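Report on the structure given below.
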Amino acid sequence: MKAALLQLCSGDDPADNLRQVQWMLAEAAAEGVKFALTPEVTNCFSPSRDRQRAMLRTEAEDETLPALRQQAEELGIWLLIGSLGLKTGDADGRFANRSFLIGPDGGIRARYDKIHMFDVQVTPEETYRESAAYRPGDRAVLAQTDFAPVGMTICYDIRFPHLYQKLALAGAKVLTIPAAFSPVTGAAHWEPLLRARAIETGCFVLAPGQTGMHPATEGKPRATHGHSMAISPWGEVLVDGGTEVGLHVFDMDLDQVEEARRKVPSLSHIRAFDGP
């Protein structure tokens, strides 16, 4: 089947971001794509918490979600909305970082809230405290489609291999890792981590990313790594999106999942052990 990664440079205006995504989805469908994926925080990328509070909505009120559901139905495609920033109504005011899998009928087939929060100091000048604005999820999600079971994750989750092992053991053949990766950690770790997750599980890894310098109405603009990637179950890089905004279409042969797992059946070799 044909799939596509949308590499975006989302800003802090959800309406502008939506128009870009809709245009790219129409292009993907015209090329025969049946599964399209967008990056993390597709609707609003902003370094300003005040701007996020002004622009984000609850799931019921968000305008991006129904528009993309309708377009998925019109195009007859599966769509992973990598994630949307959404208000939750929580007393502490934190948002949800929520991924949606949309069916070709426009229905929401699965939701996943990012479990692991990016709380790091990459350099003395570059610090992230995702948990200050977003509440972590607490549930792994395996979604069923008509082409393969899909394990849904987001960005920083990639550093926690037990999550992917659990999804693969539950039946996942495709793992989604939409991201807005830091340029510093991206240059060092992005590709090796993606390839490792594919090799360890024998799954396709599909990782659409944000890229470039993101426009900001408030706060200092922030950069992301780009390099959206599709990785085969054998660890081969099928797509590297570079650093430009764009649509990346590729063929996904799901028979390769069973082939990779037959060659190296490591999932069936997992053993319990004591210590240290």
Side-chain angles (χ1 to χ4, degrees), residues 1-6 33-40 72 77-83 97-104 107-116 136-179 181 190-209 228-239 250-272:
M1 66 179 294
K2 279 193 174 183
L5 306 179
L6 279 65
V33 166
K34 296 302 181 185
F35 184 29
L37 303 88
T38 75
E40 184 180 20
I77 63 172
W78 287 90
L79 171 63
L80 182 92
I81 304 173
S83 80
N97 191 346
R98 183 170 296 159
S99 187
F100 293 87
L101 184 65
I102 310 300
I108 298 174
R109 301 299 182 88
R111 297 171 175 85
Y112 167 73
D113 284 5
K114 183 177 182 179
I115 292 173
H116 300 97
D138 58 8
R139 180 174 174 268
V141 174
L142 180 69
Q144 299 300 324
T145 73
D146 59 8
F147 57 89
V150 175
M152 298 168 65
T153 71
I154 300 173
C155 201
Y156 190 53
D157 286 332
I158 196 175
R159 294 180 182 273
F160 301 88
H162 61 283
L163 172 60
Y164 298 90
Q165 184 184 86
K166 184 172 182 178
L167 289 167
L169 289 171
K173 294 185 177 181
V174 175
L175 300 170
T176 58
I177 314 178
F181 232 69
W190 176 241
E191 181 180 332
L193 287 170
L194 290 173
R195 295 184 68 196
R197 298 298 86 83
I199 292 165
E200 291 164 353
T201 63
C203 288
F204 279 94
V205 168
L206 308 184
S228 298
M229 286 193 169
I231 311 292
S232 80
W234 196 244
E236 302 160 308
V237 177
L238 305 177
V239 166
F250 61 98
D251 290 314
M252 187 167 63
D253 179 2
L254 288 159
D255 288 342
Q256 292 179 17
V257 174
E258 297 309 320
E259 181 181 357
R261 292 176 178 179
R262 176 182 55 79
K263 289 178 178 177
V264 183
S266 59
L267 290 173
S268 66
H269 294 162
I270 296 170
R271 292 176 54 85

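As the structure is a computational prediction, the values presented were derived from the model and not from experiment.
Across every non-hydrogen atom of S228 and G209, the tightest pair is OG-N, 2.7 Å. Nearest heavy atom pair, residue P233 against residue G202, reads CB-O, 3.4 Å. Across all their heavy atoms, A36 and L6 have their closest contact at CB-CD1, 4.2 Å. Of all the heavy atoms in G235 and R195, the pair that sits closest is O-NE, 2.7 Å. Between L80 and M152 the shortest heavy-atom distance is CD1-CE, 4.0 Å. Across all non-hydrogen atoms, the minimal contact from R98 to I154 is C-CD1, 4.5 Å.
Listed by chain and residue number, K263 satisfy the side-chain hydrogen bond (donor to acceptor under 3.5 Å, both in side chains) test with E259 (two or more places apart in sequence, or in another chain). With sequence neighbours left out, the ring-ring contact (aromatic ring centres under 6.0 Å, His included) criterion links Y156 to F118, F160. Remark: A207 engages I177, W190, L194 in a side chain to side chain contact (heavy atoms under 4.5 Å, CB included) (not counting sequence neighbours). Looking at residues two or more places apart in sequence or on another chain, you find a side-chain hydrogen bond (donor to acceptor under 3.5 Å, both in side chains) between R111 and E59. The side-chain hydrogen bond (donor to acceptor under 3.5 Å, both in side chains) check on R109 picks up D105, with sequence neighbours excluded. For A168, the side chain to side chain contact (heavy atoms under 4.5 Å, CB included) partners two or more places apart in sequence, or in a different chain, are T201, C203, R261, L267. Residues forming a ring-ring contact (aromatic ring centres under 6.0 Å, His included) with Y112 (at least two apart in sequence, or on another chain): none. In this structure, S99 has no side-chain hydrogen bond (donor to acceptor under 3.5 Å, both in side chains) partners at least two apart in sequence or on a different chain. In this structure, the side chain to side chain contact (heavy atoms under 4.5 Å, CB included) partners of A72, at least two apart in sequence or on a different chain, are I77, L79, I102. Applying the side chain to side chain contact (heavy atoms under 4.5 Å, CB included) criterion to P192, with sequence neighbours excluded, gives no partner residue. Scanning for salt bridge (Lys or Arg N to Asp or Glu O under 4.0 Å) contacts around E258 gives K173, with sequence neighbours left out.
Remark: M229 CE to L5 CG distance equals 10.5 Å, nearest 0.5 Å. Between atom CD of residue Q165 and atom CG of residue L163 there is a gap of 10.5 Å, rounded to the nearest 0.5 Å. For the atom pair F250 CZ and F204 CZ, the distance stands at 8.0 Å (nearest 0.5 Å).
The closest side-chain heavy-atom distance from L101 to I108 is not below 4.5 Å. In this structure, the side chains of Y164 and E200 stay at 4.5 Å or more apart for every pair of heavy atoms. Side-chain contact check for M1 versus M252: some heavy-atom pair is nearer than 4.5 Å. For the pair T153 and R197, the minimum side-chain heavy-atom distance is 4.5 Å or more. At least one side-chain heavy atom of D251 sits less than 4.5 Å from a side-chain heavy atom of K2. With contacts defined as side-chain heavy-atom distances shorter than 4.5 Å, the pair L238/S232 qualifies.
With hydrogens and angles disregarded, a donor-acceptor distance shorter than 3.5 Å links the side chain of D157 to the backbone of H116. Not one N or O on the side chain of T176 forms a donor-acceptor pair closer than 3.5 Å with the backbone of L206.
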For I199 and V264, run side chain to side chain contact (heavy atoms under 4.5 Å, CB included): C-alpha distance rounded to whole Å, both residues' side-chain angles, the deciding distance at 0.1 Å, then the answer.
CA-CA 9 Å; I199 292 165; V264 183; over 6 Å; no

Output, in order, the C-alpha distance, side-chain angles, deciding distance and verdict of side chain to side chain contact (heavy atoms under 4.5 Å, CB included) for I270 and L169.
CA-CA 10 Å; I270 296 170; L169 289 171; 3.9 Å; yes

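Applying the side chain to side chain donor-acceptor pair (under 3.5 Å) test to pairs two or more places apart or on separate chains, those with a residue in residues 137-152 are W78-D146.
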